[in-house]
Q: 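I am attaching a structure below and will ask some questions about it afterwards.
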Amino acid sequence: MSAAVREGWFGPFGGRFVAETLVPALEELERAYHEVVPSEAFQTEWRSWLASYVGRPTPLGRAERLRTHLPGVAHLLLKREDLNHTGAHKINNALGQVLLAKKMGKQRIIAETGAGQHGVATATACAVLGLPCEVYMGELDVARQAPNVARMRMLGARVVPVTSGSRTLKDAMNEAMRDWVTNVATTYYCVGSAAGPHPYPSLVRDLQRVIGDESRTQCLELLGRLPDAVVACVGGGSNAIGIFAAFLDDPSVALFGVEAAGHGIASGKHAATLTAGRVGVLHGSKSYVLCDDDGQIIEPHSISAGLDYPGVGPQHAALHDSGRATYLSATDDEALAAVRDVARKEGILIALETAHAFAALPRVADILRERGVREPAIVVSVSGRGDKDLSTLLEKLEVT
Ligand SMILES: *Cc1c(COP(=O)(O)O)cnc(C)c1O
C-alpha cells in the first residue's frame with residue numbers, strides 16, 4: 001500500500017463493503033461525485049436552490065442568556081440549521097443528491113428512513129425537482145412516526161413499510177439496497193447521513209460542508225477571529241462532519257461531537273458508538289459500531305430518533321482515533337433538560353438530537369479551560385427544530 005491517501009478511506013475506516021452487484025453503481029456514483037459535483041454548472045444550480053428554496057445562508061447568532069450560565073465563555077454562537085426549509089440540515093444533502101441524480105439521468109429516487117426526517121427531506125427535494133420518490137421504512141417506525149409518514153405522502157412520495165427483521169431502520173436499509181441492486185440503471189439511492197459505502201461519506205460531507213463554510217465566514221465577520229471550539233450532535237454524523245469540515249485544517253479550533261448516551265453508557269441502552277462501540281463493518285463501510293462479542297449489532301437506544309443508529313460515519317472514527325475531534329455523550333434526561341433550557345433562555349425550540357450538543361456545553365467549557373483556552377468562543381450546530389418532538393416533550397417534561 002502506498003503512503004498516498006486511499007480514495008474512500010479515512011485511515012483504516014471507510015471503504016466499500018458491498019455485494020459485487022452494487023460495485024458498478026457505486027463506481028458510476030463515484031465518477032459523478034468527481035465530475036459533476038465540483039462542476040460550475042452543478043454548484044451554481046445547487047447554490048441557487050439553497051438560497052431561494054432552503055433559505056441559506058442560515059444565521060450565526062449570539063446566545064447571550066445561555067452564555068452567562070457557562071462561566072468563562074466569552075462568545076456562544078448558534079448556527080441556525082433549524083431555520084432551513086423543513087426544519088433541519090438534512091435538506092442540504094437531499095437536495096444536492098436529488099439534483100445529482102437528475103444530472104446522472106436517473107428517473108427514480110429511493111431512500112430509507114428511520115424517524116422519517118431523511119424521508120421527508122428526500123420527498124421534499126423530489127417534489128420540487130420533479131422525480132418520483134419511494135421511501136423504505138420499517139413497519140414499526142411507520143406506526144411510531146405517523147406525522148412524518150403523512151408528510152411524505154402529502155409530498156407525493158410512496159412510503160413502503162418493511163416487514164422483515166426487527167421492522168426498523170436497518171431492515172429498511174437492507175430493503176432499499178435490494179431495490180437498488182434490482183433497478184440500478186434507472187434508480188438513485190439517496191443516503192441520509194455521512195455513512196455507507198464510498199463515495200457516500202465524502203459526498204454527504206461535501207454537501208453538508210456549506211454549514212461549516214458559512215459558519216467560518218460568519219464567525220470571522222462577527223468576532224474577527226475563528227472560534228475556539230465547534231460543537232455538534234452525532235448520529236450518523238452528517239451535520240457534525242459538515243460543520244467540522246471547514247475547520248479541520250485550523251488546529252486552534254477544537255472539534256466536539258456529542259453522541260446519545262440514552263439511559264446511560266453503563267445501562268447498555270444508548271447510541272454512543274464512538275464512546276462505547278468497537279470497530280466493525282456496518283452498512284457498507286468500516287467504522288465503529290455497537291455490537292456484541294459475536295459481532296451481532298446491538299439495538300441502540302436514544303430518546304432522539306435521529307441519533308438512534310448503531311453506526312457512525314467513518315471519518316468520525318478516524319477523527320476520534322487521531323484525537324483531532326473529541327467525542328462526548330449526553331443522556332436522554334440531559335437532552336430533555338437542555339431542550340427546556342434553550343427554549344426558556346433563548347426562545348428557540350431545538351430538536352432532541354440537537355439538545356445533546358447543548359447538554360455537553362458545560363463539559364466543553366471545562367475541557368477548554370483545562371487545555372488553557374481563555375475566554376473561548378464556541379459555535380454550536382443547531383441541527384434542527386423541535387416541533388416534531390412536541391409529543392415526546394410534553395410526555396416526558398412537566399411543562400407548566
Ligand atoms: C437526523 C438528525 C440528526 C442526526 O443526523 P446526523 O447525520 O448525525 O447529522 C441530528 N439532528 C437533527 C435535527 C436530525 O434531524
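Start at 1 and go down the list; that is how both ligands and their atoms are numbered.
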Q: Salt-bridge test for Lys269 and Glu299: reply yes if a basic N is under 4.0 Å from a carboxylate O, no otherwise.
A: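 No salt bridge links Lys269 with Glu299.
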Q: Centres of the Tyr200 and His283 rings: under 6.0 Å?
A: no
Q: Taking transitive links into account, so neighbours of neighbours count too, which hydrophobic residues share a cluster with Met152 at under 4.5 Å side-chain distance?
A: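 Listed partners: Val120, Val135, Met137, Val142, Val149, Leu155, Val159.
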Q: Contact residues of ligand 1 with a heavy-atom cut-off of under 4.0 Å?
A: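 Within 4.0 Å of ligand 1, protein side: His89, Lys90, Gln117, Ser193, Cys233, Val234, Gly235, Gly236, Gly237, Ser238, Asn239, Gly306, Leu307, Ala351, Glu353, Ser383, Gly384.
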Q: Which pairs pass side chain to side chain donor-acceptor pair (under 3.5 Å) with one or both residues in residues 13-27, sequence neighbours excluded?
A: Arg16-Glu30
Q: Give the intermediate values and the outcome of salt bridge (charged side-chain N to carboxylate O under 4.0 Å, His left out) for residues Asp389 and Lys396.
A: CA-CA 11 Å; Asp389 299 319; Lys396 304 275 180 186; over 6 Å; no
Q: Apply ring-ring contact (aromatic ring centres under 6.0 Å, His included) to His85 and list each qualifying residue two or more places apart in sequence or on a separate chain.
A: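 For His85, the residues satisfying ring-ring contact (aromatic ring centres under 6.0 Å, His included) (neighbours in sequence not counted) are Tyr53.
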